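Below is one structure, written out as structure tokens; the observations come after it.
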Amino acid sequence: MKDILKYLTRENITLCIAIFGAMGTCLGWIIGFFRSRKNISMQIIKICELNNTVIAYMTFQNHSRLPISINNLNLIIDKNSYAGFNGPPHAITIERTQNNGVIATKEYMTISFPINLPSLSGTSGYVFFDISKKASENLSTPLTFEVSTNRGNPIQMKLSLEKWIDWEKMF
């Protein structure tokens, strides 16, 4: 007991408290960094190719505790970049016909850019890519996307889907 008591001085107790406080501060910084860093994910739900365009129904998720804005989304095919329609939302009109007459018309809107994602949230929508005829012949999965956000450099993601679907099943 005497051996332990000689180490329990005021200076040693103060030193232990200071060391534990510094370790707690460093641990808080590390945890805060990993919680607030840019951490987004995307997933292709459905995708089709039609007349030199790619139409994808995608989900976007923000796994960070800070909000993020996706400013631009590019599809990269053979080292060529094709921008997702980043103007006002683009309407995709589908008409169902039978016996030379239109029986139904439905309009789908593409997702509007920028895509603003609050912390720990997500959204989904159609993204329209206008590609060249040469690129439409070389489509395959996985597809490479370049995502530009308001936080940091653009990141590239490879997303795959088991198969391309017919445009009629897309909608």
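Every value quoted in this text rests on a predicted model; they were computed, and no experiment measured them.
Applying side chain to side chain contact (heavy atoms under 4.5 Å, CB included) to Asn72 and the options Ser81, Pro114, Pro154, Ser148 leaves one that passes, Ser148.
The CD1 atom of Ile68 sits 9.0 Å away from atom CG of Leu66, with the distance rounded to the nearest 0.5 Å. Here the straight-line distance linking atom CD1 of Ile70 with atom OG1 of Thr123 works out to 9.0 Å at 0.5 Å rounding. Atom-to-atom distance recorded for Lys46:NZ and Ile55:CD1 is 11.5 Å, nearest 0.5 angstrom. The structure places CD1 of Ile76 at 4.5 Å from CD of Glu146, a figure rounded to the nearest 0.5 Å. One finds the CD1 atom of Ile115 at 7.0 Å from the CG atom of Leu73 (value rounded to the nearest 0.5 Å). Between atom CD of residue Gln43 and atom CD1 of residue Ile45 there is a gap of 4.0 Å, rounded to the nearest 0.5 Å.
When every heavy atom of Met157 is checked against every heavy atom of Ser41, the shortest pair comes out as CE-CA, 4.3 Å. When every heavy atom of Ile47 is checked against every heavy atom of Leu143, the shortest pair comes out as CD1-CD1, 3.4 Å. Listed here is the closest heavy atom pair of Ala83 and Asn74: CA-OD1, 3.2 Å. A pairwise comparison of heavy atoms in Ser124 and Tyr57 identifies OG-OH, 3.2 Å as the closest pair.
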Discussion item. Please evaluate residues Met23 and Ile19 with respect to the criterion side chain to side chain contact (heavy atoms under 4.5 Å, CB included), reporting the C-alpha separation (whole Å), side-chain torsions for both, the decisive distance (0.1 Å), and the verdict.
Written reply: CA-CA 6 Å; Met23 287 174 35; Ile19 290 172; 3.9 Å; yes
Practice prompt. Determine, stepwise, if the pair Phe145 / Ile44 fulfils side chain to side chain contact (heavy atoms under 4.5 Å, CB included).
Written response: CA-CA 11 Å; Phe145 292 92; Ile44 300 172; 3.8 Å; yes
Fill in: Trace of the side chain to side chain contact (heavy atoms under 4.5 Å, CB included) decision for Met58 with Ile111
CA-CA 10 Å; Met58 303 177 76; Ile111 198 164; over 6 Å; no
Worksheet item: What do the steps show when you test Phe60 against Val147 for side chain to side chain contact (heavy atoms under 4.5 Å, CB included), and what is the final call?
Response: CA-CA 11 Å; Phe60 305 90; Val147 183; over 6 Å; no
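Cluster membership check: Val127 shares its hydrophobic cluster with Tyr82, using side-chain heavy-atom separations under 4.5 Å among Ile, Leu, Val, Met, Phe, Trp and Tyr. Put simply, Leu75 and Leu159 are part of the same group of oily side chains (I, L, V, M, F, W, Y) that touch within less than 4.5 Å, one to the next. Residue Phe20 is not grouped with residue Ile17 when hydrophobic side chains (ILVMFWY) are merged at heavy-atom distances under 4.5 angstrom, including chains of intermediate members. There is a path of hydrophobic side-chain contacts, each under 4.5 Å, that joins Phe113 to Ile155.
Between the side chain of Arg65 and the backbone N or O of Gly32 there is no donor-acceptor pair closer than 3.5 Å. At least one donor-acceptor pair closer than 3.5 Å links the side chain of Asn62 to the backbone N or O of Pro118.
One side chain, Ser69 or Asn116, offers a donor N or O that lies under 3.5 Å from an acceptor on the other.
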